[in-house]
Every structure is written in structure tokens, then in C-alpha cells.
Amino acid sequence: MKGAIRYCLGVGLVAVALTVSGCANQKTLKVGIESDFRPFTYTEGGENKGFEVELWEEIAKKGNIKYELVPMEMGNMSTALKSGEVDLVIAGMTVNKARKDNLAFSDPYFQTGLVMLTAQDNTDITGKDKLKDKTVATRIGSTAYTYAGMLPKLKEVRGYPDINRAYEDLANKKVDCVIFDERNARDYIQTKGQGKIKIVGDVLNKESYAIATKKRNKYIGNINSAIEQVSKNGTYETLYMKWFGSKPKKLPGQ
């Protein structure tokens with residue numbers, strides 16, 4: 001009996017030691033977020049905020065992932081992933097073929113699209129067919145920049161490292177139109193751009209956002225499972241309503 005007790009205690013101690021060792025050795029992932037992409041991710045008063053920040057917090061809980069957020073500009077995201085400066089990126093990154101050739105992506109967690117914006121008093125531009133000889137602004141390196149570059153007969157596609165500068169130039173009539181993410185555009189209109197700029201026409205191009213990593217990342221399975229869980233348990237819908245003011249038309253996975 002004493003031998004059996006000693007054996008059970010020994011097994012228990014080994015199990016505890018392995019658990020503690022596993023926790024101690026668990027890597028803290030560096031997760032890239034964009035420093036100013038409202039309402040998705042942004043830094044304000046030294047605090048990281050936004051829909052994606054809170055969504056990632058819930059995903060990390062479900063996936064048992066330790067992490068540290070690393071704010072940066074979108075233009076540095078892909079390079080930071082490839083160099084190992086960050087392990088993951090959750091920053092409104094659109095899934096497309098060019099990026100999938102170099103990076104791995106989780107299941108999509110957000111559906112959005114590109115929209116056109118003009119100055120509030122502009123009545124000439126009502127759709128993309130009215131952009132002949134016009135200057136279109138957007139963020140350089142974005143899918144909107146690629147999209148604008150394929151539009152025929154534009155005067156110029158002007159790329160900005162910071163989309164807020166493009167919005168400001170639009171309000172000051174230094175450019176004719178901005179093309180960018182719908183949710184970010186609406187957030188700007190409701191805050192800094194209220195009464196200065198407006199959205200015109202239909203959504204131009206539907207896009208999906210996903211978490212990006214280097215190829216063959218071992219965390220993708222856990223992340224996808226966590227995205228499914230927060231979608232099914234109501235967490236996703238709660239966060240969506242908090243940051244966007246309405247229920248999502250589609251949940252991740254639908």
C-alpha cells in the first residue's frame with residue numbers, strides 16, 4: 001500500500017513538474033498591430049485599443065497563447081513577419097493571392113470592402129466611372145492602392161504612408177477622391193471628417209481580413225479553433241456591436 005501511495009505521489013509530482021515546465025517554456029508571441037487604423041487597432045495614451053485588440057485577447061484566451069502586442073505601421077508588417085520581429089499580425093490585413101504566396105493566414109475573421117470618398121460638396125464624382133482625369137489618394141501598399149492603380153484614365157494615384165493624411169488632403173481638396181476600407185472611412189467621417197468628406201457610390205471590392213503569420217506556423221490550428229469558439233459563443237457579436245454599432249451580417253465561418 002505504501003509503495004502504491006509513493007508511486008501515485010511520484011506520478012502526481014511528475015505531472016505537476018511537466019505542467020509547470022510547459023508553462024515556463026511557453027513562448028510569448030509578439031503580435032503586430034497597426035498603430036493608427038481605427039476602429040480596428042490603434043494606440044491612444046499609451047494604451048492599445050480597438051476591435052482587433054479585443055478580439056485577439058479573446059482568441060488568445062481560447063487558444064492558450066501568451067503574447068505581447070507590438071504597434072507598428074502597416075507598411076512594416078510583412079517585413080517584420082518575415083524577419084521574425086513579430087510572430088503574428090492582426091491588423092486589417094486583407095487575404096489575397098500575392099500575400100498568400102509569402103505568408104500563411106488564419107480563417108477570415110472580418111468581411112469588409114473598399115469605398116470611394118469625396119469632399120462633402122463634390123457633386124461630380126458619384127461612382128468609379130466618374131474618375132477620369134481625377135487624382136485618387138489611398139494608403140501606399142494597400143489593396144486599395146492596387147485597386148486604384150487598375151482603374152483606367154486616372155490623372156494620378158497618390159499613395160500616402162498614413163491614410164489620415166489622405167483624408168485630410170481630400171477635405172482640403174488637394175485630391176479628388178480617396179479609396180479605402182469602408183469601416184475605417186466611416187469611423188473617420190464620424191469623427192475628424194464630419195461635415196468635410198462623404199462616401200459615394202457602391203462598395204467597390206469585397207475583402208476578408210485574417211491573422212497573418214510566416215509559412216508553417218504551428219499556432220494557426222489553435223487560432224482557427226479559437227476564432228470558431230468566439231464566433232459561436234456570442235463574444236464576436238458582442239465585440240462587433242461595441243465597435244461598429246450593429247450586428248455583423250455574417251459571422252466568421254459562415
Side-chain angles (χ1 to χ4, degrees), residues 26-44 46-57 59-60 63 65-110 112-114 136-150 156-167 169 178-181 183-185 188 205 207-224 226-227:
Q26 185 181 1
K27 180 181 178 181
T28 298
L29 300 185
K30 292 186 176 180
V31 180
I33 62 169
E34 193 168 350
S35 53
D36 191 11
F37 184 45
R38 299 168 184 260
F40 292 95
T41 60
Y42 61 98
T43 302
E44 185 176 75
E47 184 180 354
N48 298 312
K49 300 179 180 181
F51 170 77
E52 288 173 326
V53 170
E54 294 190 11
L55 177 63
W56 171 254
E57 182 180 350
I59 290 170
I65 297 170
K66 292 173 63 179
Y67 68 93
E68 170 191 350
L69 295 179
V70 183
M72 60 179 61
E73 292 185 359
M74 173 56 81
N76 299 328
M77 293 287 182
S78 295
T79 302
L81 275 173
K82 292 172 186 175
S83 68
E85 182 182 346
V86 295
D87 301 289
L88 307 169
V89 161
I90 179 166
M93 187 171 281
T94 302
V95 182
N96 60 28
K97 185 181 183 306
R99 287 173 176 162
K100 288 177 77 172
D101 287 342
N102 299 300
L103 301 171
F105 286 91
S106 70
D107 294 335
Y109 62 82
F110 198 86
T112 186
L114 302 178
V136 174
T138 189
R139 188 173 62 191
I140 193 166
S142 65
T143 53
Y145 187 82
T146 303
Y147 181 91
M150 294 188 294
E156 179 189 356
V157 177
R158 192 172 298 176
Y160 293 73
D162 181 353
I163 190 61
N164 291 312
R165 286 179 52 198
Y167 291 144
D169 277 3
V178 167
I179 295 178
F180 202 58
D181 170 83
R183 290 296 181 178
N184 178 259
Y188 190 87
N205 191 34
E207 299 184 338
S208 297
Y209 291 164
I211 297 166
T213 75
K214 286 170 48 171
K215 293 283 190 179
R216 295 180 293 279
N217 185 289
K218 65 181 181 180
Y219 297 96
I220 284 292
N222 276 359
I223 290 170
N224 286 340
I227 290 173

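Note that the structure is a prediction, hence the values are computed from the model and not measured.
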J.: Salt-bridge test for Glu44 and Arg38: reply yes if a basic N is under 4.0 Å from a carboxylate O, no otherwise.
T.: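 Salt bridge flag = yes for Arg38 with Glu44.
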J.: Just checking, is any N or O donor in the side chain of Asn224 or Tyr219 under 3.5 Å from an acceptor N or O on the other one?
T.: no
J.: With a 3.5 Å cut-off and sequence neighbours excluded, list the donor-acceptor pairs that the side chains of residues 84-93 form with protein atoms.
T.:
| from | atom 1 | to | atom 2 | distance (Å) |
| --- | --- | --- | --- | --- |
| Asp87 | OD1 | Lys27 | NZ | 2.9 |
| Asp87 | OD2 | Lys30 | N | 2.8 |

J.: How long is the span from the CG atom in Leu103 to the CE atom in Met77, to the nearest 0.5 Å?
T.: 12.0 Å
J.: Got a sec: does the CD of Glu73 have more than 12 other heavy atoms crowding it under 6.0 Å?
T.: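 Open: at most 12 neighbouring heavy atoms sit under 6.0 Å from CD of Glu73.
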J.: Below 30° counts as parallel, above 60° as perpendicular, anything between as tilted: where do the rings of Tyr209 and Phe110 land?
T.: parallel
J.: For Ile140 and Tyr160, what are the C-alpha separation, side-chain angles and deciding distance, and is it a side-chain contact (heavy atoms from CB on, under 4.5 Å)?
T.: CA-CA 5 Å; Ile140 193 166; Tyr160 293 73; over 6 Å; no
J.: Under the side-chain contact (heavy atoms from CB on, under 4.5 Å) criterion, do Ile223 and Trp56 qualify, and how do the steps go?
T.: CA-CA 9 Å; Ile223 290 170; Trp56 171 254; 4.2 Å; yes
J.: May I ask you to say whether Asp101 pairs ionically with Lys97, meaning some side-chain N is under 4.0 Å from a carboxylate O?
T.: yes
J.: Could you check Thr143, Thr112, Thr94 and say which one makes a side chain to side chain donor-acceptor pair (under 3.5 Å) with Asp181?
T.: Thr112
J.: How long is the span from the CZ atom in Phe180 to the OH atom in Tyr147, to the nearest 0.5 Å?
T.: 15.0 Å
J.: Of all heavy-atom pairs between Pro71 and Asn48, which one has the smallest distance, and what is that distance?
T.: CG-OD1, 3.4 Å
J.: Which distance, rounded to the nearest 0.5 Å, do you find between the CD1 of Ile220 and the NZ of Lys215?
T.: 10.5 Å
J.: Can you confirm whether Phe40 sits close enough to Ile33 that some side-chain heavy atom of one is under 4.5 Å from a side-chain heavy atom of the other?
T.: no
J.: Show your working on side-chain contact (heavy atoms from CB on, under 4.5 Å) between Phe105 and Asn96 and close with a plain yes or no.
T.: CA-CA 10 Å; Phe105 286 91; Asn96 60 28; over 6 Å; no
J.: Enter the distance from Ser35:OG to Met72:CE here, rounded to the nearest 0.5 Å.
T.: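 Ser35 OG to Met72 CE: 9.0 Å, rounded to 0.5 Å.
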J.: Is the backbone N or O of Asn76 less than 3.5 Å from a side-chain atom of Thr79, with the two atoms forming a donor-acceptor pair by type?
T.: no
J.: At what distance, to the nearest 0.5 angstrom, does CZ of Arg158 lie from CG of Asp169?
T.: 7.0 Å
J.: Let me confirm one number: the OH-CE distance from Tyr145 to Met150, rounded to the nearest 0.5 Å.
T.: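 These two atoms lie 12.5 Å from each other.
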